[in-house]
Number of protein chains: 2
Amino acid sequence: MAHLPSSSAGPGLADAATPAFSPLYQQIKALILESLQAGEWKPGEAIPSEMDLAGRFRVSQGTVRKAIDELAAENLLLRRQGKGTFVATHSEQQVRYRFLKLMPDAGDLASEGQPQREVLECRRVRAPAEVARMLALRAGDAVVQVRRVLSFGTVPTILEDLWLPGAFFKGLTAQQMAGYHGPTYAMFEVEFGVRMVRAEEKIRAVAADAVQAELLQVPHHTPLLSVERVAYTYNDAPMELRRGLYRTDTHHYRNELN
Amino acid sequence: MAHLPSSSAGPGLADAATPAFSPLYQQIKALILESLQAGEWKPGEAIPSEMDLAGRFRVSQGTVRKAIDELAAENLLLRRQGKGTFVATHSEQQVRYRFLKLMPDAGDLASEGQPQREVLECRRVRAPAEVARMLALRAGDAVVQVRRVLSFGTVPTILEDLWLPGAFFKGLTAQQMAGYHGPTYAMFEVEFGVRMVRAEEKIRAVAADAVQAELLQVPHHTPLLSVERVAYTYNDAPMELRRGLYRTDTHHYRNELN
DNA sequence: GAGTGGTCTAGACCACGCG
DNA sequence: GCGTGGTCTAGACCACTCA
């Protein structure tokens with residue numbers, strides 16, 4: 001690993017269109033990522049110090065630093081000066097509900113407290129074609145389907161359907177979905193070792209149908225925000241499909257553009 | 001500037017709660033930002049090389065590099081290996097329509113081509129109280145109000161109202177709004193020297209009223225995405241309030257969570 | 001005081017763009 | 001071939017945390 005100038009990423013690809021020059025720190029980054037995927041360090045744990053890693057990879061501290069910098073920027077690692085570098089978690093106070101962009105029109109998330117969860121359904125089913133496609137499964141593969149309502153105070157605000165690959169979420173129960181304190185993704189880490197790393201959302205405006213209207217306690221045909229999310233774990237592997245309906249009479253979806 | 005270890009940011013603030021330790025590269029970053037705000041380098045132009053800046057600020061190249069890295073990460077500067085570092089623009093092919101998150105359900109932005117713009121209204125008015133508040137103006141200050149419809153192909157898809165501070169957008173005409181090829185924010189840079197740096201959006205689902213329904217050629221009460229945006233220039237100064245209504249029957253608002 | 005991440009430097013060399 | 005940004009190193013010192 002040491003002193004290999006401009007080594008390319010993979011072997012046996014000499015005829016590729018681009019030489020695929022890969023800087024050392026990118027290779028280090030890839031190695032750290034592999035360890036993360038492999039579960040060598042669990043969520044919340046500290047990874048070895050920069051000096052240790054530099055020694056292990058036969059590389060200078062600065063090179064390891066640059067690799068870790070990028071992983072920290074992607075929210076995979078969390079640096080804490082004086083303490084160490086830690087595997088990021090959905091349990092941290094600072095970034096809890098990182099993926100929940102719905103904010104109360106007045107006040108902030110803190111003043112609102114934790115959402116109440118009511119799990120309406122939690123069962124193992126065969127994946128419908130479209131669900132299978134979005135989760136990169138075969139149609140008919142087992143998935144866990146969950147339907148729940150999240151309420152702020154006493155106001156039901158979010159109606160969500162979740163689909164999770166059955167192979168990774170064996171034994172998920174309605175009790176687990178409802179009882180865990182904190183973000184659902186934190187529970188997934190603790191109970192199933194599945195860490196959600198990023199997600200993509202498609203947002204539309206729709207009219208509530210009869211069932212939805214009743215569950216959210218709004219008039220039939222009320223405009224609702226439809227949020228379709230695919231969440232990915234390491235390696236861009238899709239791990240959750242989520243279809244949410246948000247009431248936006250007291251809340252709004254907040255987004256920042258940079 | 002050189003060799004000042006741990007100097008604090010401002011003078012005469014010895015009694016502040018925190019010593020406000022500020023790394024050298026942050027101070028350099030602030031200086032570069034000032035030059036950007038002052039217009040020392042115009043959008044699209046190259047800024048001095050890292051070595052030049054290092055000399056000017058009596059600092060090593062690595063320190064300048066770290067300052068520029070952060071500014072590039074914030075999309076204020078654009079690095080191009082072998083060529084230089086440039087003041088970012090809304091005209092670049094890569095990031096055109098950076099702030100427009102509406103995507104066609106099938107295909108991509110490229111296949112869809114440029115949106116057609118129809119300007120319904122463009123006039124100078126006194127700012128209503130709420131508009132003034134969001135633009136940090138006094139109620140009654142002059143603002144330019146624009147109403148327009150954006151169409152993809154022949155389908156009207158976006159109905160937008162814009163409010164711009166009159167002091168910065170003197171002489172903005174409907175012709176300018178309609179005639180410019182490329183993003184509106186690129187036109188603002190060229191014609192008014194105003195560069196939008198970031199924005200915040202609040203998104204809701206609403207039902208089309210009679211006027212909106214006719215302009216977007218949809219049935220009355222059709223659910224639409226309401227997107228309220230405040231766009232900021234340097235220094236977090238609000239420079240535009242925009243209220244958009246998006247049809248989401250053929251398009252969706254796309255967001256990435258990290 | 002030992003150990004961690006954070007800053008800063010100086011210098012070498014590499015990849016890229018362009019004349 | 002030169003100038004640009006990009007990578008990598010080695011070493012010094014600083015700020016923070018905790019025992």
Side-chain angles (χ1 to χ4, degrees), chain A residues 1-9 16-32 41 44-73 76-88, chain B residues 1-9 17-32 41 44-73 76-88 92:
Chain A
M1 174 60 66
H3 299 267
L4 297 180
S6 313
S7 61
S8 67
T18 21
F21 159 72
S22 161
L24 238 193
Y25 76 87
Q26 288 287 2
Q27 302 175 40
I28 304 299
K29 183 183 170 186
L31 290 173
I32 296 175
W41 314 301
E45 284 181 12
I47 72 171
S49 76
E50 295 180 352
M51 288 304 280
D52 284 357
L53 290 171
R56 176 193 300 198
F57 298 132
R58 306 300 211 80
V59 145
S60 83
Q61 189 200 7
T63 301
V64 170
R65 166 163 285 272
K66 184 144 189 183
I68 293 179
D69 276 345
E70 292 205 354
L71 291 167
L76 298 181
L77 294 177
L78 181 65
R79 322 192 70 145
R80 285 194 258 176
Q81 184 174 146
K83 302 188 71 173
T85 302
F86 299 78
V87 181
Chain B
M1 173 59 63
H3 298 268
L4 297 182
S6 313
S7 61
S8 67
T18 22
F21 160 72
S22 161
L24 240 192
Y25 77 87
Q26 287 288 1
Q27 302 176 40
I28 304 299
K29 182 183 171 187
L31 291 173
I32 297 175
W41 315 299
E45 283 181 14
I47 72 172
S49 76
E50 294 180 353
M51 288 304 278
D52 284 357
L53 290 172
R56 176 194 297 198
F57 297 132
R58 306 300 211 79
V59 146
S60 83
Q61 188 200 6
T63 302
V64 170
R65 166 165 285 273
K66 184 144 188 184
I68 292 180
D69 276 346
E70 291 205 353
L71 291 167
L76 297 181
L77 294 177
L78 181 65
R79 321 193 72 146
R80 284 195 258 176
Q81 184 175 148
K83 300 188 72 174
T85 301
F86 299 79
V87 182
E92 289 133 22

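Residue numbering restarts at 1 for every chain, and letters A, B, ... go by the order of the sequence lines. In what follows, every heavy atom counts, from backbone to side chain, and hydrogens, waters and symmetry copies are set aside.
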Determine whether a donor-acceptor pair (N or O, by modelled atom type, separation under 3.5 Å) exists between the side chain of A/Gln27 and the backbone of A/Ser22.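 Checking the backbone N and O of A/Ser22 against the side chain of A/Gln27, a donor-acceptor pair under 3.5 Å is found.
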Taking only the side-chain nitrogens and oxygens of [X], find out if one of them lies under 4.0 Å from OP1 or OP2 of [N].
X: A/Ser49; N: C/dG3; answer: no
X: A/Thr63; N: D/dC8; answer: no
X: B/Arg65; N: D/dG6; answer: yes
X: B/Arg80; N: C/dG17; answer: no

[X] has an atom [atom1]; how far is it from atom [atom2] of [N], in whole Å?
X: B/Ile68; N: D/dT7; atom1: CD1; atom2: C1'; result: 16 Å
X: B/Tyr25; N: C/dG5; atom1: OH; atom2: P; result: 16 Å
X: B/Gln61; N: C/dT7; atom1: CD; atom2: C1'; result: 16 Å
X: A/Gln81; N: C/dT7; atom1: CD; atom2: P; result: 7 Å
X: B/Arg58; N: C/dT9; atom1: CZ; atom2: C1'; result: 15 Å
X: A/Leu78; N: C/dT4; atom1: CG; atom2: C1'; result: 14 Å
X: B/Lys66; N: D/dG6; atom1: NZ; atom2: C1'; result: 16 Å
X: B/Glu50; N: D/dC2; atom1: CD; atom2: P; result: 21 Å

5' priority, DNA chain C, between A/Gly82 and A/Arg79 [closest heavy atom]: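 Taking each residue's closest nucleotide, the earlier one in sequence belongs to A/Gly82.
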If you assign each of A/Lys83 and A/Ser60 to its closest nucleotide in DNA chain D, which residue comes earlier from the 5' end?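 The residue mapped nearer the 5' terminus is A/Ser60.
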State, yes or no, whether a side-chain contact exists between [X] and [Y] at a heavy-atom distance under 4.5 Å.
X: B/Ile28; Y: B/Leu53; value: no
X: A/Asp69; Y: A/Arg79; value: yes
X: A/Ile32; Y: A/Leu76; value: no

Do you know the tightest heavy-atom contact between B/Ala67 and B/Tyr25?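 Shortest heavy-atom contact: CB-O, 3.4 Å.
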